[in-house]
S.K.: 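This is the structure I want to talk about, given as structure tokens.
Labels below follow one simple rule: chain letters A, B, ... track the order of the sequence lines, proteins then strands, and each chain is numbered from 1. Values below: all heavy atoms of this structure, side chains included; hydrogens, waters and symmetry mates excluded.
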There are 4 protein chains.
Amino acid sequence: MPREAADVSTVSKSQKSREAILESAAKLFRRQGYSATTLRQIADLAEIQAGSIYYYFDSKDAILDEVLDEGLRRVFNGVKLRLKQAGDASHRQKIALAIEAHLVALHDASDFTSANIRIYGQLPERLKSPHRAIRRAYARYWDRLLSDAQKAGEIRSDIELIPLRIFVLGALNWTVEWFDLSKKDAVQKLARRTESIIFDGVKR
Amino acid sequence: MPREAADVSTVSKSQKSREAILESAAKLFRRQGYSATTLRQIADLAEIQAGSIYYYFDSKDAILDEVLDEGLRRVFNGVKLRLKQAGDASHRQKIALAIEAHLVALHDASDFTSANIRIYGQLPERLKSPHRAIRRAYARYWDRLLSDAQKAGEIRSDIELIPLRIFVLGALNWTVEWFDLSKKDAVQKLARRTESIIFDGVKR
Amino acid sequence: MPREAADVSTVSKSQKSREAILESAAKLFRRQGYSATTLRQIADLAEIQAGSIYYYFDSKDAILDEVLDEGLRRVFNGVKLRLKQAGDASHRQKIALAIEAHLVALHDASDFTSANIRIYGQLPERLKSPHRAIRRAYARYWDRLLSDAQKAGEIRSDIELIPLRIFVLGALNWTVEWFDLSKKDAVQKLARRTESIIFDGVKR
Amino acid sequence: MPREAADVSTVSKSQKSREAILESAAKLFRRQGYSATTLRQIADLAEIQAGSIYYYFDSKDAILDEVLDEGLRRVFNGVKLRLKQAGDASHRQKIALAIEAHLVALHDASDFTSANIRIYGQLPERLKSPHRAIRRAYARYWDRLLSDAQKAGEIRSDIELIPLRIFVLGALNWTVEWFDLSKKDAVQKLARRTESIIFDGVKR
DNA sequence: TATGAATGAGCATTCATTCAT
DNA sequence: AATGAATGAATGCTCATTCAT
């Protein structure tokens, strides 16, 4: 099973097929859910034969696994990267950046992230459990962000942080259900609006 | 097709089976999604034979249709009923009551409401479209609530109301993904917390 | 899953389908082996649809299981029944009867027995192991038959009994590979000839 | 298609791969049967790629063909060679040697012979027919052996030879189903025992 | 001399649906 | 009012086979 790119400059044909499968799967999973998506649909969208999928993946489950993984990693990396560039911003600014990066990853960065958000809740245990670890890590990352802000007095001390984190991420994640991706700068605007509602609510 | 209760005092056996099917379906749709749920699973949970389902419903789609409908109507009615009892409360108090009623319907009132919230987004057009009307009506109901509050000066005038409504309902709906229903009064607490975060953010 | 006949006089339609599947499977397994036989072939021969097989059986493996079981039980019961009727025959006569009964079961009693003989050796462990117990019981039954004969002096004392049993059963079983079932009384003739060679040998 | 050895002293790499395929196939056919064996399994065992098999063979059928052929020729040659060395032995001694040579070929000489014995009966006509000729020739060879013995008075005149030949070869062939190859001299012992039963019988 | 990539027909199995009773 | 029996289209998956390189 070919997993390494042959080269830096050249993307092997094989690599391309593999990615086409993954991207098609992500798109369909996102729109229709996991069990409503057939391998034949994935193959059609990737412009290969259904049987060929098994050259690259062991099973439909294995495709989902990779889609789910890729999805969360893109969000996580997007947020971490943005905050690394933040320098000495205030806590509120940092959280604002995290909100924007989370939303950008959700809406710009292909279907992987939104597929993850949308379908995870309805998956059977067997498919969920491999992803618990990263999900928890991402939650802890936000908890630290919020906790630092609270310690610095930028979030009221009577706010419980874990419900707050759930509330914030929930509000962000729900945007994939209705948000229109087409307009330029719309994500930035959405981010600022969201931050404003949340923050002016939690500040002392 | 038997749709009317035979009597006010007695619930006919037939009526009971029909409801058992609906409740079983709602529970399973909520947990597993629509297409991952089989008629056999629904029949098992309702303690009847799979074939018997067709005595009450024309198709799997028809069951979903009713589950979806029931789900949103319960939320809508719950909210309307609560506000009718509100009397001359302030706008903020009215919205707080609406939030609580929405959450109560979502978490207390069986699986119909949460099934609706969870699976609607992944359904094919054919299954979504019959429900657009009520959904829009419910959205307009909230829009009026928020708009009245804004006119009365209880919401900042620079806040755009439609994004606000989406944000608020999104935050509420997302709670079905993680909220633990078991604890008493937990829903009330959640409602107050949510209202506080949102409101102290939007108030002037 | 319906397993009991509804009645003594009437064979239910359901029971008939179940048996038709089993008989078709036995015939095809015998001729082509297990893995070369498709469910579609079984269904065609049983004059039902392939999907309908799953109303009666959980899997192809489950069909094989029952075919295998039925096959050996028919031989075993056939031999036991014949010997019960034998009364006070000599040991050699008893063994002669056992040989005949084994051959009759193998050739007359449908395809179950010969399917069992023919395909067992090439089956994967998973399919073999449930049948080890009966097979061993049948082997022990023959061992006792031969051992009694030896104790009574009707078999030379220098003959090792286990290799002898294997030899005898092997010679009998092999007949399914070439024997023509069509002629009347052919099985009886074959049985007598086999018994004669085994007991008396071929030398003058 | 490379079929000739390049050289007497050197076995070309190509030749080695070809033989590795054949040997792997024989081993797997013997254990699992023809249709349960995949080209991928054969390739794995031969330590090449599945696609490469087609450099040496036209099809799976073609591999079987050669395995089958090789198998019977090894038995046939083994028996002929042994009898050529026999000199002026008695007929019974000659048959004893044939029995031993047949068993040696079956158990010592790799998987080709036992694969042939085990799977031939379940093969479709198309795969059987090319091998009828050699099989018949081998049968005739045994018939002559037995007929000579009968003419010389070493086999009772009332024994029909063709059923006898089938019986004897059947008894020998069946040993592949159960015989343990590991012990030294076990085959010789088995051969002597078999010859004794056939010639002298088991009675005292 | 050999292989990586892909194919497509076919497989066991599932499932919504039907219908005589 | 309900079911047992059956269907057939579709699903995830396998596998012998092909072919450019």
S.K.: Roughly, in whole Å, what's the span from CD in A:Glu47 to C1' in E:dA5?
M.R.: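 To the nearest whole Å, that distance equals 17 Å.
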S.K.: Does B:Arg118 reach the main-chain N or O of B:Arg30 with its side chain, forming a donor-acceptor pair under 3.5 Å?
M.R.: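 Yes; judged by distance alone, with no hydrogens or angles, the pair exists.
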S.K.: Verify the contact: side-chain N or O of C:Tyr54 to OP1 or OP2 of E:dT13, cut-off strictly under 4.0 Å; return yes or no.
M.R.: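 It does, given that an N or O in the side chain of C:Tyr54 lies less than 4.0 Å from OP1 or OP2 of E:dT13.
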S.K.: May I ask you to say what C:Ser52 touches in the nucleic acid, namely base, sugar-phosphate or nothing, with a heavy-atom cut-off under 4.0 Å?
M.R.: base
S.K.: In terms of the nearest nucleotide of DNA chain F, which residue is placed more toward the 5' end: D:Lys60 or B:Ile53?
M.R.: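 The residue mapped nearer the 5' terminus is B:Ile53.
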S.K.: Between atom CD in B:Gln49 and atom C1' in E:dC19, what is the gap in whole Å?
M.R.: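 Interatomic distance, CD of B:Gln49 to C1' of E:dC19: 15 Å.
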S.K.: To the nearest Å, give me how far apart CD1 (B:Ile63) and P (E:dC15) are.
M.R.: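 Rounded to the whole Å, the gap is 15 Å.
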S.K.: Return the nucleotide paired to F:dA1: Watson-Crick means purine N1 to pyrimidine N3 with N6-O4 or O6-N4, wobble means G-U with N1-O2 and O6-N3, both under 3.5 Å.
M.R.: none
S.K.: Taking the nucleotide of DNA chain F with the closest heavy atom to each, which residue, A:Ser59 or D:Ser59, is nearer the 5' end?
M.R.: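 With A:Ser59 and D:Ser59 compared, the 5'-side residue is A:Ser59.
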S.K.: Between C:Asp61 and B:Ser35, which residue's closest nucleotide on DNA chain E lies nearer the 5′ terminus?
M.R.: C:Asp61
S.K.: What is the distance from CD1 of B:Ile42 to P of E:dT17, rounded to the nearest Å?
M.R.: 10 Å
S.K.: Would you kindly give the CG-to-C1' distance between C:Leu64 and E:dT13, to the nearest whole Å?
M.R.: 17 Å
S.K.: Could you tell me the separation between the CZ atom of B:Phe57 and the C1' atom of E:dT18, rounded to a whole number of Å?
M.R.: 18 Å
S.K.: Relative to D:Tyr120, does D:Arg135 satisfy both conditions: NZ or CZ under 6.0 angstrom from the six-membered ring centre, and within 45 degrees of the ring's axis?
M.R.: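 That pair qualifies as a cation-pi contact.
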S.K.: Which pair of heavy atoms, one from D:Ile119 and one from D:Phe29, lies closest together, and at what distance?
M.R.: CG2-O, 3.3 Å
S.K.: Have a look at C:Ile48 and say if it touches a base, only the backbone sugar-phosphate, or nothing, with a 4.0 Å heavy-atom cut-off.
M.R.: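 Sugar-phosphate contact only.
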S.K.: Taking atom P of E:dC15 as reference, at what distance in whole Å does atom CG of B:Leu39 sit?
M.R.: 10 Å
S.K.: Over how many whole Å does the gap from A:Arg18 atom CZ to E:dA5 atom P extend?
M.R.: 11 Å
S.K.: Identify the nucleotide, in any strand shown, that forms a Watson-Crick or G-U wobble pair with E:dT17, with both distances under 3.5 Å; if there is none, say none.
M.R.: F:dA6
S.K.: Of all the nucleotides listed (F:dA1, F:dT3, E:dG8), which has the minimum atom distance to the side chain of B:Tyr55?
M.R.: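 Selected nucleotide: F:dA1.
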S.K.: Could you check whether B:Thr37 gets within reach of a base, just the sugar-phosphate, or nothing at all, counting any heavy atom under 4.0 Å?
M.R.: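 Touches sugar-phosphate only.
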S.K.: Can you see which heavy atom on A:Gly33 is nearest to which on A:Thr37, and at what distance?
M.R.: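 Closest heavy-atom pair between A:Gly33 and A:Thr37: O-OG1, 2.7 Å.
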S.K.: Is there a donor-acceptor pair closer than 3.5 Å between any side-chain N or O of A:Tyr55 and the backbone N or O of A:Arg18?
M.R.: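 Answer holds: no.
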